[in-house]
Amino acid sequence: MKFAYKFSNLFGSVYHQGNLLFTPDGNSVISPVGNRITVFDLRNNKTSTLPVESRLNFTALDLSPDGCILIAVNEEGEAHLISLISRTTVHKYRFKRKVRCVRFSPDGKYFAVCKENNVFIFKSPGPATGEFNPFIMVRVFHGAFDDTTCLDWTSDSKILAVGAKDMCTKIYSLDKYANFRGMTLGSHSDAIRAVFFEKDSLDLITIARNGHLCIWESSIDPSDLEPWEPVRKKIKEAENSDSEDDIPQTAAEEEAKGSKRSKTDEEMEVEDNEAVKKLVYKRLARHYLNDLVHSDRSARLTSASYHAETHVLVTGFSNGSFFLHEMPNVTLIHSLSISDQVIASVSINSGGDWIALGCSGLGQLLVWEWQSETYVMKQQGHANNMTCLSYSSDGQYVVTGGDDGKVKLWNTSSGFCFVTFHEHTGGVTGVQFSHNRKFVVSASLDGTVRAFDMTRYRNFRTLTSPRPVQFNCIALDRSGEFVAAGGQDVFDIYLWSMKLGRLLEILSGHEGPVCSIAFSPSLTSTAMASVSWDKTLRLWNAIESGSAHQTILLPSDGLFVTYRPDGEEVAVATLDAQISFFDVKTGDQRTCIEGRNDLGSGRSDTDLVTAKQTLKGKAFNSLCYSADGENILAGGQSKHVCIYNVKECMLVKKFEITQNRSFDAVDDFVNRRNMSEFGNLALVEGREENEDGTTALSLPGVRSGDMAARNVKPEVRVFSLQFSPTGQSWSAVTTEGLLVFSLDIGLVFDPFMLELGVTPESTRKTLQDKDYAKALMMALKMNEQDLVQEVLESVPIESVELTVSSMPSVYQVRVLKFVATYVENSRHIDFYLRWSTLLLNALSPGLLRDRGSTTFTQLLPVLLTLQKSLARKHDDLARICDYNKYTLQYLQKLGDLRKSADGLKANSDGEESEDTSDDEDLMLMG
């Protein structure tokens, strides 16, 4: 249970490729992020990543009309049927080819899939169809001559329009109709990008990649479609009939009967022609949307979305511009440019007021309210690799730095980035949160160390060296007074004072690039450790003894160093994939962990050596101790993250951070099918079209643009990782982004000192007998959260103090941990605050006597969790109180204005009455 961590969320990457979706209520956006899917709740301002992972990046998504079933298809055509209720993959189906579009019918009974030049119609599982077997094929249409690109259903789910690269739009019907036949609409000179039906109509809008838009009018309405019935054959009478009426008819009678029959047939044909009117399309207008893009004539239309209720059409182009038009007159409502990158996807919510835009080049996701012209959400990850991270002291915020020179602050509860600092001009190599959570420091290859204020969100301090140095690492002491940075090209360590902003000391001694430095976590110590490529670990105390230091030789190049939480031990990761542990006071090596075999080989497509030789180049480049110092988290040039027990030097658990084969070095073995006499066929670049219409690799000699551009698969690796101060989660900066793994308490039964006879029934019986302390300890022994909550909230407020004092300190810590977790989401704020106050008062005397006890070590992350929960609760309540205060002030002011208005009205009525009485007196006198 201690290490039952499961993937919980993904930060730092908001959009990769594929189409964006809005949920049926219009309040959430579903975005494909690599091989995962993230849901952005815009009303509650939270993000959540589904615990669903594909072998490759997702490219096509669609959501059922009831919002329960999500179909996601990856690059190889593997479809995942995902239940958004259970948040699990229900079924998988292999199309074996690339799928360009998938779309549910409006009634939710079917969904259509575009693959190559075919369109497949499947029954949708669920109560709408009564079928629960997924992917039951109903129809297949083969009419297109090239790959199909888009499709749309009519409102009644009877007719389907499919656009293709052959510049034509095909109209198909799901059932047979007497007055409908499959037809083809042309008038375009480029591939079709989007087709849209009007609401409750067969009128159609088709848009091509070159911006040509055609409006088509149908001759009939959907209600005029008549089901097709097979023609009944007339049964001829036999020549030798056994009929009793063998009376011969005269010639006149036969002639009259024939004329009557012929007349009836003619009348029936006329009636059929009048009643059955065939479906015919007429082109009403043709517009050229590319004329609006004056700056770039080579711009191509890359995405489009249409809201049939409000007749609003949104189109996105390859130069970052998008336009809003009102149909059918194609009146321009608004135009805006968000970047110079391709707008890969556009979507409109059900209300028609929010527009989601995704740029794959920048990894940018925007939600724009076009009526008020404001951003509902504007999120963007790091343009290049994310390289480092640091938690705040209470675990509420995470700061990350990237190769793009940006420093971003993320809220761990919402998952959103709320501040981005752009001051660095080079890649950020290290970030650090101050212990008091008031500022953040960062080091960069541009030769500066910058400090950012967490109150005003500004760069209030810039620290530099006497000569230009590329800083490779950074460390901040526990008090926040001293900051140190190590050089990459100059092998020195620079020490500054944060208060004065002055350089205090230059520590020389290393003979190679300084890879990592760390201050002692002890409040009373200013000791510092550093490792370098010169195969040494150096222990400094610059404040007390200047440049004097202790040197410890390492077996290989040092890559990372970190202190144990008590400051008595350091762990060093070296290039030979070993983790060595040294005593700080004596400098002796205590233990050593050999982790090379735990990393995994992870062979790349370009590797020309065996897996065994590849494994020799792997090493850990990031370490982090757990809060109790008994275990250590390690990650490096691999897809694996390992947790080791320090004392036993044993692997406790190994996590696989990704299964995405779109990255390189994920598989441990090279596919032999790709090996040929000329090399690996996986290195051959394809010639598929990009989103802007250009080919990924043109013919030799005709390449234009950036001649240095190349198609490279990024290699999966862990750049940095850290435990949350609360101990409930840990995060890793990887090629995918910032992955957060949290403890999944609800799915694992992990009892604590369980005894025979302790059951939920006996616990409730003890609670009924009003033995609250015993009942609470029994619930804690079973470690069932619902039962603990039931017992805790059943204790009367006057019995809380007695219950707390009757429990041993071990149980008091576990109760405090529960209270710290549940106070954030509970309505009983005063009740839980009373519990936390009494628990802290009961625990504090013993902790002051014995700081090195196990209870004290366990209590530290609990206190941080309590601080985090109370800070969030305070912010929420402050926001509500401010709103109520301002509302009451507004109502009070409104009442005063109304009173003054009533007073003025009464005065004016009194003056009018006086004037009337004066006039009456004058009339009487006259």
Side-chain angles (χ1 to χ4, degrees), residues 6-15 20-33 36-52 61 63 66-68 70 82-87 347-358 364-369 371-372 374-381 392 394-398 408-419 724 726 728-729 731 737-738 740 742 744-746 821-829 865 868-884 886-887:
K6 291 184 179 294
F7 172 80
S8 64
N9 214 340
L10 172 63
F11 300 162
S13 186
V14 293
Y15 175 73
L20 299 169
L21 298 174
F22 274 101
T23 52
D25 59 3
N27 295 332
S28 300
V29 179
I30 299 176
S31 171
V33 184
R36 300 183 186 272
I37 297 171
T38 302
V39 181
F40 297 89
D41 189 346
L42 304 177
R43 291 291 184 191
N44 299 320
N45 195 35
K46 283 192 176 182
T47 69
S48 62
T49 303
L50 301 180
V52 174
L61 306 176
L63 187 63
D66 58 0
C68 296
L70 176 69
I82 302 169
S83 170
L84 290 184
I85 299 174
S86 63
R87 297 166 68 90
S347 181
I348 308 179
N349 71 338
S350 56
D353 50 352
W354 289 353
I355 299 171
L357 304 162
Q364 191 176 29
L365 178 60
L366 308 173
V367 178
W368 192 63
E369 188 173 2
Q371 293 175 341
S372 61
T374 57
Y375 286 111
V376 180
M377 183 186 76
K378 187 176 183 181
Q379 290 290 305
Q380 180 179 347
S392 61
D394 57 358
Q396 191 170 357
Y397 304 111
V398 175
K408 289 179 175 287
L409 284 166
W410 306 83
N411 191 317
T412 56
S413 60
S414 68
F416 282 105
C417 171
F418 60 95
V419 176
S724 170
T726 61
Q728 299 297 309
S729 63
S731 299
L738 180 62
V740 181
S742 301
D744 195 356
I745 301 172
T821 306
Y822 272 75
V823 69
E824 183 181 354
N825 300 318
S826 176
R827 294 177 296 174
H828 311 296
I829 304 170
T865 306
K868 174 183 172 183
S869 300
L870 292 178
R872 288 183 182 172
K873 202 70 177 178
H874 177 269
D875 293 341
D876 294 341
L877 290 175
R879 197 179 299 112
I880 295 172
C881 292
D882 288 342
Y883 176 79
N884 292 339
Y886 298 143
T887 305

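- Here the side chains of Ile37 and Leu61 are in contact, with some heavy-atom distance below 4.5 Å.
- Annotation: Lys46, atom NZ; neighbour count of heavy atoms from other residues, nucleotides and ligands within 6.0 Å does not exceed 12.
- Looking at Leu84 and Thr23, their side chains never come closer than 4.5 Å, going by heavy atoms from C-beta outward.
- Here CD of Gln380 is found 11.0 Å from OG of Ser13. Values are rounded to the nearest 0.5 Å.
- Under the 3.5 Å distance criterion, the side-chain polar atoms of Thr412 are matched with a main-chain donor or acceptor of Gln396.
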Worksheet item: Would Lys408 and Phe11 count as a side chain to side chain contact (heavy atoms under 4.5 Å, CB included) if you check the C-alpha gap in whole Å, the side-chain angles of each, and the deciding distance to 0.1 Å?
Response: CA-CA 11 Å; Lys408 289 179 175 287; Phe11 300 162; over 6 Å; no
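- Using a 4.5 Å heavy-atom cutoff, the side chains of Leu20 and Pro32 are in contact.
- We find the OG-CG distance between Ser28 and Asn44 to be 8.0 Å, quoted to the nearest 0.5 Å.
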Fill in: Steps toward side chain to side chain contact (heavy atoms under 4.5 Å, CB included) verdict (Asn27, Leu42)
CA-CA 6 Å; Asn27 295 332; Leu42 304 177; 5.6 Å; no
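- You'll find the side chain of Val823 stays beyond 4.5 Å of the side chain of Lys873, heavy atoms only.
- Remark: Leu10 CG to Leu738 CG distance equals 7.5 Å, nearest 0.5 Å.
- When each of Trp410, Phe418, Phe416 is checked for a ring pair (Phe, Tyr, Trp, His ring centres under 6.0 Å) with Tyr397, only Phe418 meets the rule.
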Item to complete: Could you go through the side chain to side chain contact (heavy atoms under 4.5 Å, CB included) check for Leu70 and Val52 one step at a time?
Response: CA-CA 11 Å; Leu70 176 69; Val52 174; over 6 Å; no
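- Distance alone, capped at 3.5 Å, is enough to place a donor-acceptor pair between the Asp66 side chain and the Cys68 backbone.
- In this structure a side-chain-to-backbone donor-acceptor pair under 3.5 Å is missing from Asn349 to Phe22.
- Looking only at distances, no side-chain donor or acceptor of Thr726 sits under 3.5 Å from a matching main-chain atom of Gly395.
- In this structure, CE on Met377 lies 7.5 Å from CG on Leu366, to the nearest 0.5 angstrom.
- The residues Arg872 and Asp875 are annotated as not salt-bridged, no charged nitrogen and carboxylate oxygen being separated by less than 4.0 angstrom.
- From Phe40, atom CZ reaches atom CG of Asn45 across 11.0 Å, with rounding to the nearest 0.5 Å.
- The backbone N or O of Leu21 lies less than 3.5 Å from no partner atom in the side chain of Ser347, so there is not a single donor-acceptor pair.
- Between Pro24 and Ser350 the shortest heavy-atom distance is O-OG, 3.1 Å.
- Using a distance-only test at 3.5 Å, with no hydrogens or angles considered, no donor-acceptor pair links the side chain of Ser729 to the main chain of Ser724.
- With hydrogens and angles ignored, the 3.5 Å screen pairs a side-chain donor or acceptor of Ser31 with a backbone N or O of Val14.
- Trp354 approaches Arg43 most closely through the heavy-atom pair CH2-CZ, 3.9 Å.
- Using a distance-only test at 3.5 Å, with no hydrogens or angles considered, a donor-acceptor pair links the side chain of Asn9 to the main chain of Thr47.
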Discussion item. Between Val740 and Val398, is the side chain to side chain contact (heavy atoms under 4.5 Å, CB included) condition met? List the steps.
Written reply: CA-CA 11 Å; Val740 181; Val398 175; over 6 Å; no
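- The NZ atom of Lys378 sits 11.5 Å away from atom CG of Leu357, with the distance rounded to the nearest 0.5 Å.
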